[in-house]
Protein chains: 2
Amino acid sequence: MPRTTKDSVLNERALHLFKTLVERYIVDGQPVGSRTLARDAGLDVSPATVRHIMADLEAWGLIRSPHTSAGRMPTVQGYRLFVDTLLTLQELNANEVNRISSEFDCKQDVASLLQTASTMLSNITHLAGVVMLPRTEQKSLRRVEFMRLSGDQVLVILVVNDNEVQNRIIRTARPYSPAELQEAANYLNQSFSGKDLQSVRAAIVKEMQEVHADVNRMMQAVIEMAEKAFAADDRPHDYVLAGQTNLMEIADLSDLEKLKKLFEAFGQKRDILHLLDQAIQARGLQIFIGEESGYEVLDECSVVTSPYTVGDQVVGVLGVIGPTRMAYERVIPIVDVTAKVLGAALNSRH
Amino acid sequence: MPRTTKDSVLNERALHLFKTLVERYIVDGQPVGSRTLARDAGLDVSPATVRHIMADLEAWGLIRSPHTSAGRMPTVQGYRLFVDTLLTLQELNANEVNRISSEFDCKQDVASLLQTASTMLSNITHLAGVVMLPRTEQKSLRRVEFMRLSGDQVLVILVVNDNEVQNRIIRTARPYSPAELQEAANYLNQSFSGKDLQSVRAAIVKEMQEVHADVNRMMQAVIEMAEKAFAADDRPHDYVLAGQTNLMEIADLSDLEKLKKLFEAFGQKRDILHLLDQAIQARGLQIFIGEESGYEVLDECSVVTSPYTVGDQVVGVLGVIGPTRMAYERVIPIVDVTAKVLGAALNSRH
DNA sequence: ATTTAGCACTCTCGGCATGCGAGTGCAAAA
DNA sequence: TTTTGCACTCGCATGCCGAGAGTGCTAAAT
C-alpha cells in the first residue's frame, strides 16, 4: 500500500529534513529541491528517499511547491512548527549585548530612547523596527498649575513622575479669576502631591458625588476643573517606526501594490497598533506569521514582538516586521534582548 | 540651407506646439510624436512640419527623445520654460477654496493644523504633501516657572504666546532651594512677562555683563538660570509629511532603487529640510524641477513650495513633492491657496 | 518494508528570430 | 515654407526552442 496521505508519522528524520529545508529556504529564498536537501541534511540518503518524505511533509501541510517541478517551501503552518519546536536560537554573546545597551546610555529623554531602540532593531536585523510608546500606568502627580488663557479656557500644566510635563487646555463652566485658579491649584497640590494620577481622579470623582449644594463656591471650582484636568490620559497609543525602507529591497514583497498597502498601514497606524495591542497582552515574546496576524496587509509578513517592562509592569511592546522568510533564530534573540535593555534604560531614568 | 541648430527662432507657433507637447506629455506620460502633436495642436499643419519644428525645439534643448523613433518629451529646461512663461493656471473657484478652509476650522492645536494641511495637499494632488513646522519668531513670554528635580537639575516651564508650553531641563552650577527658585521665577515674571523671548534673552545677557561681584546671591541665581532657560530655542526644523505612498504608484519613479533612496531621504529629513530652507528664503511660490534642486534623490522629482505667513511674518513653508511630470497648472494654485489658508488659520488661533 | 535507481514528464527561464507599429530624418516636389 | 514620400531605426510583443531543475511513479535492490 502506498503511503498516500497521513498514514505516515512525522518521525525524527522527517522533522530533521523539514528543519533543514526551512533553514535553507530562509537563507536563499529559493524553493528547495530533493537533491539540495539530501545534500544539506547530512543524512546520507538519496534524493528519491527525500522525495518520499517531502511528499509526506506536503500531505501534512508543512510545505508546498509554488508549481510542479519547483522545490518546496514552508507553509505558514510549517513556519509555525519550525518556530515553536525546531528552532535553535543564536543567542547573542555578552559583547553584542553590551554594544546594544551602550547605545542607550547617552540618551536623555524617553523619546530618543524609543527612537534609538527602533533604529537599532532595524539596523541589526535589516528589517523594520517598531516600538510602541510606553503606557505608564504609574503616574505620580508632582505638581499641578492652572493658568487662565481667555474666557473659559484654562491651561493645565501637570508635572508627573519627576520630569515629565503634560499640558492640556480645558474649558470651564464659568470664567475663573487668577486668584481662584491659584487657590484651586494650591489645594490640589497640598492634597494630592505624590499620589497616583488614577487615584487622584478617583478621589475627585468620589468627592464630586458626595458633596452637593452644601459645598462652597471655591470647592466647586476645584472639583470642576480637577475633574476635567485629570480626565484619563487617553491619548491614543502610538509607535515609533524605523527602517521601513529595508522592506523595499526584500524580494518577497517586491510587489509594489502590496508594498504600498503595507506602507499605508504604517501611516494609518490603526492595524499595526491593534496588532501590537494584542502582542502586549501576551506577556512574552510573540510571533505572528503571515496571515496569522489577521491583517491582510501583513499577509506576507511576520512580526516578532516582545513587551518591555519598567519595574515589573509591562508598559509597552517592541519588535520587528519583516517577510515571513526571516532569520527567526537571529531576530528572536535580538528582539528579546532589546526589550530587556530598553526596559532597563527606562528604569534607570525613573 | 537646412535649419541646422539655432539659426531658427522660437516663434509663436513653435512655442504653441511646445506647450501642447508638454501638456500632452503631462497627461499621458508617453513621449509625444509628430502625428499626435499635429492633431492636438489644432494648427492644421502636417506632421512633417511639426517634425521640423520639433527638431528646432530639440536643438534649443527644450525636448528630447528617449531613443530614436520614440516621440519627444520635455527636458528640465523645457519644463522650466513651460512653467515660467507658458503655463495657464487652473485657479480654484471659491467653492473649492471654501472646502479647503473649512477643513481647518474644527482643528484645535497647531500640530493638527499642520497635519491637516499636509494630508490635504497630498489628497488633492495625489502627490506627497509636506509642511514645515512654523518657526515663530515672535514668542512672547507669558510666564515662567522653575521646579527642582534632583540635585542640580531644574525643570523650566515656559508658557509663551498664550497657549504654548515649552519645558526644558537645565543643570545649574549649584543646587537651589525651592524658595530661591520661586523667587527667581517671580522676578522674571514681573520683569519680563509679555516681552518677546529674544529680547528677554538679550536683556539677561546684558545684565550678566554689567553686574559683577556687586550683585547679591539671589540675583546671581536668577541670571544663571535665566540664561540657560532662555537659550535660543534651536530645536532643529522639522516637517510633517503625508501621502508618500502616492509616489509609489507613479510610473516615472517605479525604479525601486530610486524610490528607496527617496524614502530614506524623507526619513533622514536632512536634504528635504535644506531644500525647504532655501524655499523659505524665496518669499513666494517656488518650483524646483528635477535636478535643479541640487539633491540627487530628487533628480526625477519636482517640488512646488509656498511660504506661509502669520501676520506678515513668513513662519514656514509647505508644498508638494511629485514627479517632474506633474500637473503644474493644478498643483501650483493648490499649493498657493493652501499656504494662504493655513496662514489664516494659524493667525486666527493666535 | 525501505530505500534506491531509472525514466518520463512538467514547468520555468533565458536566448533568439520575427514582425509590427510608431516615429524619425532627409530629399524632392508643391 | 510646407508637404509628400520613403527608407531607416528602435522598442516591444510574440512565439519558439532548449537547458535545467525538480517531480512522481514504477521497478529493482537491500
Side-chain angles (χ1 to χ4, degrees), chain A residues 1-14 16-18 20-21 24-25 28-60 62-75 251 254, chain B residues 1-14 16-18 20-21 24-25 28-60 62-75 251 254:
Chain A
M1 177 178 166
R3 74 183 83 199
T4 49
T5 51
K6 42 194 155 179
D7 51 350
S8 63
V9 183
L10 282 187
N11 53 18
E12 185 100 16
R13 195 178 57 173
H16 175 72
L17 279 172
F18 173 66
T20 316
L21 185 147
R24 174 70 187 228
Y25 181 73
D28 61 27
Q30 299 298 321
V32 185
S34 52
R35 193 190 335 275
T36 327
L37 189 52
R39 217 178 320 106
D40 273 27
L43 274 190
D44 203 34
V45 288
S46 80
T49 312
V50 172
R51 281 205 286 278
H52 279 141
I53 299 170
M54 285 169 98
D56 291 347
L57 291 173
E58 183 154 16
W60 280 86
L62 298 178
I63 59 179
R64 66 192 171 85
S65 57
H67 59 82
T68 16
S69 105
R72 308 298 221 292
M73 52 204 272
T75 61
S254 66
Chain B
M1 176 179 166
R3 74 183 84 198
T4 48
T5 50
K6 41 192 155 177
D7 49 351
S8 62
V9 183
L10 282 187
N11 53 19
E12 185 100 16
R13 193 178 59 175
H16 174 72
L17 279 171
F18 173 65
T20 316
L21 185 148
R24 174 70 187 228
Y25 181 73
D28 61 28
Q30 299 297 322
V32 184
S34 52
R35 192 188 336 276
T36 327
L37 188 51
R39 218 180 319 105
D40 273 26
L43 275 191
D44 202 35
V45 289
S46 80
T49 312
V50 172
R51 280 205 285 280
H52 279 141
I53 299 170
M54 286 169 95
D56 292 348
L57 291 172
E58 184 153 17
W60 278 87
L62 298 177
I63 60 179
R64 65 191 174 85
S65 57
H67 58 82
T68 14
S69 105
R72 310 296 222 291
M73 51 203 273
T75 60
S254 64

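Treat the numbers as computed from the prediction; the structure is a model and nothing was measured. Only this structure's heavy atoms are used, side chains among them; waters, hydrogens and symmetry mates stay out. In what follows, every chain begins at residue 1, and chains take the letters A, B, ... in the order their sequences are listed.
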Quick check on [N]: is either OP1 or OP2 less than 4.0 Å from any side-chain nitrogen or oxygen of [X]?
X	N	answer
A:S65	D:dG22	no
A:R13	C:dT3	yes
A:R72	D:dT23	yes
A:T49	C:dT2	no

query = After noting the C-alpha distance and the side-chain angles of A:R64 and A:T75, does the key distance pass the side-chain hydrogen bond (donor to acceptor under 3.5 Å, both in side chains) rule?
reply = CA-CA 6 Å; A:R64 66 192 171 85; A:T75 61; over 6 Å; no

Nearest-angstrom distance from the residue atom [atom1] of [X] to [atom2] of [N]:
X	N	atom1	atom2	value
A:Q30	D:dG20	CD	P	17 Å
A:M54	D:dG22	CE	C1'	9 Å
B:L21	C:dG23	CG	P	12 Å
A:E58	D:dG22	CD	C1'	13 Å
B:R35	D:dG5	CZ	C1'	13 Å
B:R24	C:dA22	CZ	P	13 Å
A:E12	C:dT2	CD	C1'	18 Å
A:L43	C:dT2	CG	C1'	15 Å

query = With the threshold set at 4.0 Å, does a side-chain nitrogen-carboxylate oxygen contact exist between A:E58 and A:R72?
reply =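 Here A:E58 pairs with A:R72 in a salt bridge, since their nearest N and O are under 4.0 Å apart.
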
OG1 on B:T20 to CG on B:L43, rounded to 0.5 Å =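 One gets 7.0 Å once the value is rounded to the nearest 0.5 Å.
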
key: Separation between CG of B:L17 and CZ of B:R13, rounded to the nearest 0.5 Å   =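 Rounded to the nearest 0.5 Å, the CG-CZ separation comes to 7.0 Å.
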
Side chain of [X] only, please: which of [options] is the nearest?
X	options	answer
A:H67	D:dC25, C:dC11, C:dG23	C:dC11
A:T36	C:dG23, D:dG5, D:dG22	D:dG22
A:R51	D:dT23, C:dG25, D:dT3	D:dT23
B:S69	D:dT9, C:dT4, D:dG24	D:dT9

ask   = A:A48 near the nucleic acid: base, sugar-phosphate alone, or nothing, with a heavy-atom cut-off under 4.0 Å?
value =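 The answer is base, as A:A48 lies within the cut-off (heavy atoms under 4.0 Å) of a base atom.
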
request  = Check A:L62, A:T49, A:L37 against A:M54 for a side chain to side chain contact (heavy atoms under 4.5 Å, CB included) and give me the one that passes.
outcome  =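 Exactly one pass, corresponding to A:L37.
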
